[in-house]
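A short write-up of the structure that comes next.
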Amino acid sequence: MKQPWNPSTAELREWALDADSEIPHTDFDLALTWLGDERLYFSLAADDSCPKRRFFLSLLYFMVGHSVRTGFRDRPRPIIDGMIANGDNYSHADIRTWQQRSRELLANPDAFDYDGWCSGRLANA
């Protein structure tokens, strides 16, 4: 990747499909939350042949959890609602579970758990 803090969609897809590639830097997930490539994240999280499928599923959890945790300072609530609704385009059970959990968290933000939402536990459960 030429710019690991701002990879192109093609570079990101190439990285995701390479089972031997390592995470470019410690905060790679944080960097990706700002790119606006949610459709790519969904498609990779729903692709059972993608070696980094769980990473991208975890990224979806992180994006919702972090937004709730910060009172939607990083992403306005309507953006998160739209992102969750976009999950309807994917029939993968893990995306459906993410949607359900996300809606439950939005309805009850006090249920936020950092390890579950921002450290990958829910994505790997």
Does D18 come within less than 4.0 Å of K52, counting only side-chain N to carboxylate O?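 K52 and D18: not salt-bridged.
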
Ignoring hydrogens, what is the shortest heavy-atom contact between [X] and [Y]? Give both atom names and the distance.
X    : Y    : value
C50  : A16  : SG-O, 3.5 Å
W15  : E22  : NE1-O, 2.8 Å
R75  : S67  : CB-OG, 3.6 Å
L122 : R101 : O-NH1, 3.2 Å
R103 : A85  : NH2-CA, 4.1 Å
L105 : G65  : CD2-CA, 4.2 Å

Atom pair [atom1]/[atom2] of [X] and [Y] - distance to nearest 0.5 Å:
X    : Y    : atom1 : atom2 : result
F56  : E38  : CZ    : CD    : 12.0 Å
L57  : D94  : CG    : CG    : 5.5 Å
W117 : L60  : CH2   : CG    : 10.5 Å
I80  : H66  : CD1   : NE2   : 10.0 Å
F55  : L44  : CZ    : CG    : 10.0 Å
Y61  : S102 : OH    : OG    : 6.5 Å

From the options D88, N86, V64, select the one residue that forms a side chain to side chain contact (heavy atoms under 4.5 Å, CB included) with Q99.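 Going through the options one by one, the only one that passes is D88.
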
Show, in sequence, the C-alpha distance, side-chain angles and deciding distance for Y90 and W98, and conclude whether the ring pair (Phe, Tyr, Trp, His ring centres under 6.0 Å) test is met. CA-CA 11 Å; Y90 304 87; W98 168 82; 9.7 Å; no

Check this for me: R39, atom CZ, are more than 12 non-hydrogen atoms of other residues, nucleotides or ligands nearer than 6.0 Å?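 Not buried by this count: 12 neighbours or fewer within 6.0 Å.
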
Would you say CD of E104 has more than 12 non-hydrogen atoms from neighbouring residues, nucleotides or ligands within 6.0 angstrom?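 Enclosed.
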
Spell out, as yes or no, whether a donor-acceptor pair under 3.5 Å connects the side chain of [X] to the backbone of [Y].
X   : Y   : answer
S58 : R54 : no
E11 : S8  : yes
D37 : L40 : no
D47 : S43 : no

Strictly by modelled atom types, are H92 and D48 linked by a side-chain donor-acceptor pair under 3.5 Å?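 There is such a pair between these side chains.
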
Count I, L, V, M, F, W, Y as connected when their side-chain heavy atoms are under 4.5 Å apart, and connections chain through other members. Are I79 and M83 then in the same cluster?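 Each belongs to a different hydrophobic cluster.
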
Note, M63 side chain near L32 side chain (heavy atom, < 4.5 Å):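 SC-SC contact between M63 and L32 ruled out.
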
Does the side chain of T33 come within less than 4.5 Å of Y41's, by heavy atoms?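 With C-beta onward as the side chain, the pair stays apart.
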
What about W5 and H25, are their ring centers closer than 6.0 Å?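 Yes, the ring of W5 comes within the 6.0 Å limit of the ring of H25, centre to centre.
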
